[in-house]
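First the structure, in the form of structure tokens, and then the observations on it.
Per chain, numbering begins at 1; letters A, B, ... match sequence-line order.
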2 protein chains.
Amino acid sequence: MAGEARAEALGKAGQLDFPRPLTTVDVVIFAIRDDRLQVLLVQRPAGEGEPFPLSLALPGGFVDVAKDRDLAACAARKLKEKTGVISPYLEQLGSWGSAARDPRGWSATHAYFALIQADASALTNDARWFPIGGGRLKEKLAFDHGDILASAIQRLRNKVEYTSLPAFLMPAEFTLPDLQRVYEIVLDRSLEKSAFRTRILSADMIEPVAKMRRGPNRPAQLYRLKKGREPVYFVRTFNPPV
Amino acid sequence: MAGEARAEALGKAGQLDFPRPLTTVDVVIFAIRDDRLQVLLVQRPAGEGEPFPLSLALPGGFVDVAKDRDLAACAARKLKEKTGVISPYLEQLGSWGSAARDPRGWSATHAYFALIQADASALTNDARWFPIGGGRLKEKLAFDHGDILASAIQRLRNKVEYTSLPAFLMPAEFTLPDLQRVYEIVLDRSLEKSAFRTRILSADMIEPVAKMRRGPNRPAQLYRLKKGREPVYFVRTFNPPV
DNA sequence: CATACTTAGTTGTACAGTCCAACTTACTTA
DNA sequence: TAAGTAAGTTGGACTGTACAACTAAGTATG
């Protein structure tokens with residue numbers, strides 16, 4: 001209990017002048033670009049006393065007790081600052097705190113993950129997209145951001161098995177094969193076409209628009225997300241790979 | 001990014017002397033007692049300057065940067081202090097942070113939830129079990145602990161639909177109807193017997209012991225958890241109620 | 001202008017697992 | 001011995017996926 005811990009730490013009731021951990025918020029921002037799942041990273045500054053100078057890191061930083069009403073607002077602010085995106089899918093991922101993760105002292109970060117549509121964003125100069133998977137990215141990140149990123153990918157993959165989360169990675173209008181492709185990119189395995197269609201269409205989450213996508217072959221029906229953008233939860237996962 | 005936010009807050013590079021939020025850890029501890037899901041709560045102290053004096057609250061308190069290597073260790077310490085239990089199921093639930101949740105200032109708590117077996121615990125004097133559901137508990141809790149508790153219950157119910165989490169609430173040996181009853185208590189609805197048995201037995205998570213539970217009627221096979229106590233994830237939820 | 005090619009979308013059969021309900025089994029108690 | 005109760009099994013209806021073959025609608029090619 002708070003009172004007790006304070007007494008433990010200090011032996012002085014009614015005061016709060018014991019050491020406090022640093023408090024930060026970091027955001028794992030995903031988008032689909034070039035048919036791959038990509039994550040937005042920034043380069044750390046090189047100033048004196050800066051930990052991990054010039055390393056890649058997740059966008060984030062200290063909570064500003066004057067500016068940020070709460071953690072979600074802080075995460076949304078960081079997302080907006082880096083991408084210009086205002087209202088995407090933003091979910092809390094977890095928190096990481098220890099004595100060792102930041103050389104400046106005991107620190108705890110509150111991690112969020114966001115799904116945005118890459119084309120709808122206007123990046124700041126210091127931010128760049130990096131594809132997931134090929135790049136041996138994990139080891140290159142500052143702090144424990146490699147762990148956080150790995151955790152975000154795992155959470156995303158996991159939820160994609162039984163939710164409509166990929167819909168938030170799509171442009172305003174898309175076809176069912178487009179959507180299936182995004183599922184397959186995130187899951188890194190192919191899905192069965194007819195079962196996929198049955199599932200998505202019976203979930204009542206998208207509606208056809210009066211247009212077709214035309215290409216070098218048979219045109220495809222375009223859809224858009226229905227209003228009320230909460231993700232849909234299915235009662236089954238896609239059957240796992242053999 | 002950290003360096004930037006610091007500059008924002010301070011305009012003074014290489015220093016960390018801007019205001020830091022309070023950092024706490026709280027633990028939602030669940031157990032089955034008297035055929036009900038119950039949660040462990042403590043009473044807040046009455047000292048001067050104490051917020052929410054004598055209110056009920058989740059066990060928890062400030063991170064002790066000298067004692068706690070990381071957040072999970074801090075949560076495990078609080079769990080141990082209140083219950084004597086050392087190695088239960090302990091999962092991070094999320095974090096809650098805002099300017100308003102604690103009258104002493106901007107604060108963020110890292111919430112964990114634990115599943116333990118009630119009989120295996122030795123409570124401290126200030127801690128008591130409270131049943132979930134009937135008690136209009138939410139409004140009585142200090143801080144935003146009502147929200148945190150509600151969130152923990154939701155997460156637990158949700159996961160029980162497709163995982164073996166209730167196994168961690170069971171004593172060392174139990175019967176399949178015992179386990180089914182715990183699922184039903186948590187989910188607050190009845191499950192179908194044969195489907196339940198098929199699912200649990202084919203999950204390869206429990207093994208029979210060479211004993212039967214005897215009672216006033218047909219004896220039941222006793223089981224225990226298999227080694228390697230990770231929870232099992234099913235590919236389907238129990239079918240939701242009509 | 002027919003034919004091949006490609007992708008969109010449908011159909012049908014097999015299969016897995018739940019739901020529902022009836023059934024058998026094994027024990028205690030009257 | 002019969003009644004009662006909970007453990008555990010069985011079988012048919014139903015839902016949704018897997019797999020595979022099919023039809024549909026367009027472009028490109030000769």
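Among the nucleotides D:dT17, C:dC27, C:dG9, the one closest to the side chain of B:Pro219 is C:dC27.
Taking atom CZ of residue A:Arg236 and atom P of nucleotide C:dA16, one finds them 12 Å apart after rounding to whole Å. Rounded to whole Å, the distance from CZ on A:Arg213 to C1' on C:dG9 is 16 Å. Between the OH atom of A:Tyr162 and the P atom of D:dT17 there is a distance of 17 Å, given to the nearest Å. Residue B:Arg189 contributes atom CZ, which lies 15 Å from atom C1' of C:dC20 at whole-angstrom precision. Here the C1' atom of nucleotide D:dA7 and the CZ atom of B:Arg214 are 13 Å apart, to the nearest Å. The distance between atom CD of A:Glu184 and atom P of C:dT7, rounded to the nearest whole Å, is 13 Å. One can place CD of A:Gln180 at 13 Å from C1' of D:dA18, the figure rounded to the nearest angstrom. The nearest whole Å value for the distance from the CD atom in A:Gln221 to the C1' atom in C:dT7 is 15 Å.
Scanning residues 191-205 of chain A for heavy-atom distances under 4.0 Å to DNA chain C yields A:Lys193, A:Ser194, A:Arg197.
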Which atom pairs, one a donor and one an acceptor, fall under 3.5 Å between side chains of residues 216-225 of chain A and the rest of the protein, sequence neighbours left out?
from, atom 1, to, atom 2, distance (Å)
A:Gln221, NE2, A:Val209, O, 2.7
A:Gln221, NE2, A:Lys211, O, 3.3
A:Arg224, NE, A:Glu207, OE2, 3.1

With a cut-off of 3.5 Å and sequence neighbours excluded, list every side-chain donor-acceptor pair involving residues 29-38 of chain A.
from, atom 1, to, atom 2, distance (Å)
A:Arg33, NH1, A:Gln38, OE1, 3.4
A:Gln38, NE2, A:Arg33, O, 3.1

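For A:Asp147, the salt bridge (Lys or Arg N to Asp or Glu O under 4.0 Å) partners at least two apart in sequence or on another chain are A:Lys138. For A:Asp70, the side-chain hydrogen bond (donor to acceptor under 3.5 Å, both in side chains) criterion is met by no residue, not counting sequence neighbours. Legend: residues meeting side-chain hydrogen bond (donor to acceptor under 3.5 Å, both in side chains) with A:Thr175, ordered by chain and number and at least two apart, are A:Asp178. Every ring-ring contact (aromatic ring centres under 6.0 Å, His included) that B:Phe168 has, sequence neighbours left out, goes to B:Tyr89. Shown here are the side-chain hydrogen bond (donor to acceptor under 3.5 Å, both in side chains) partners of B:Arg155, two or more places apart in sequence or in another chain: B:Glu91.
In plain terms, the two heavy atoms of A:Glu184 and A:Leu191 that are nearest each other are OE2-N, 2.9 Å.
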Please encode protein proximity along nucleotides 1-6 of chain D as a string of B, S and -, counting only heavy-atom distances under 4.0 Å. ---BBB
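Using a 4.0 Å cut-off between charged side-chain N and carboxylate O, A:Asp126 and A:Lys82 make a salt bridge.
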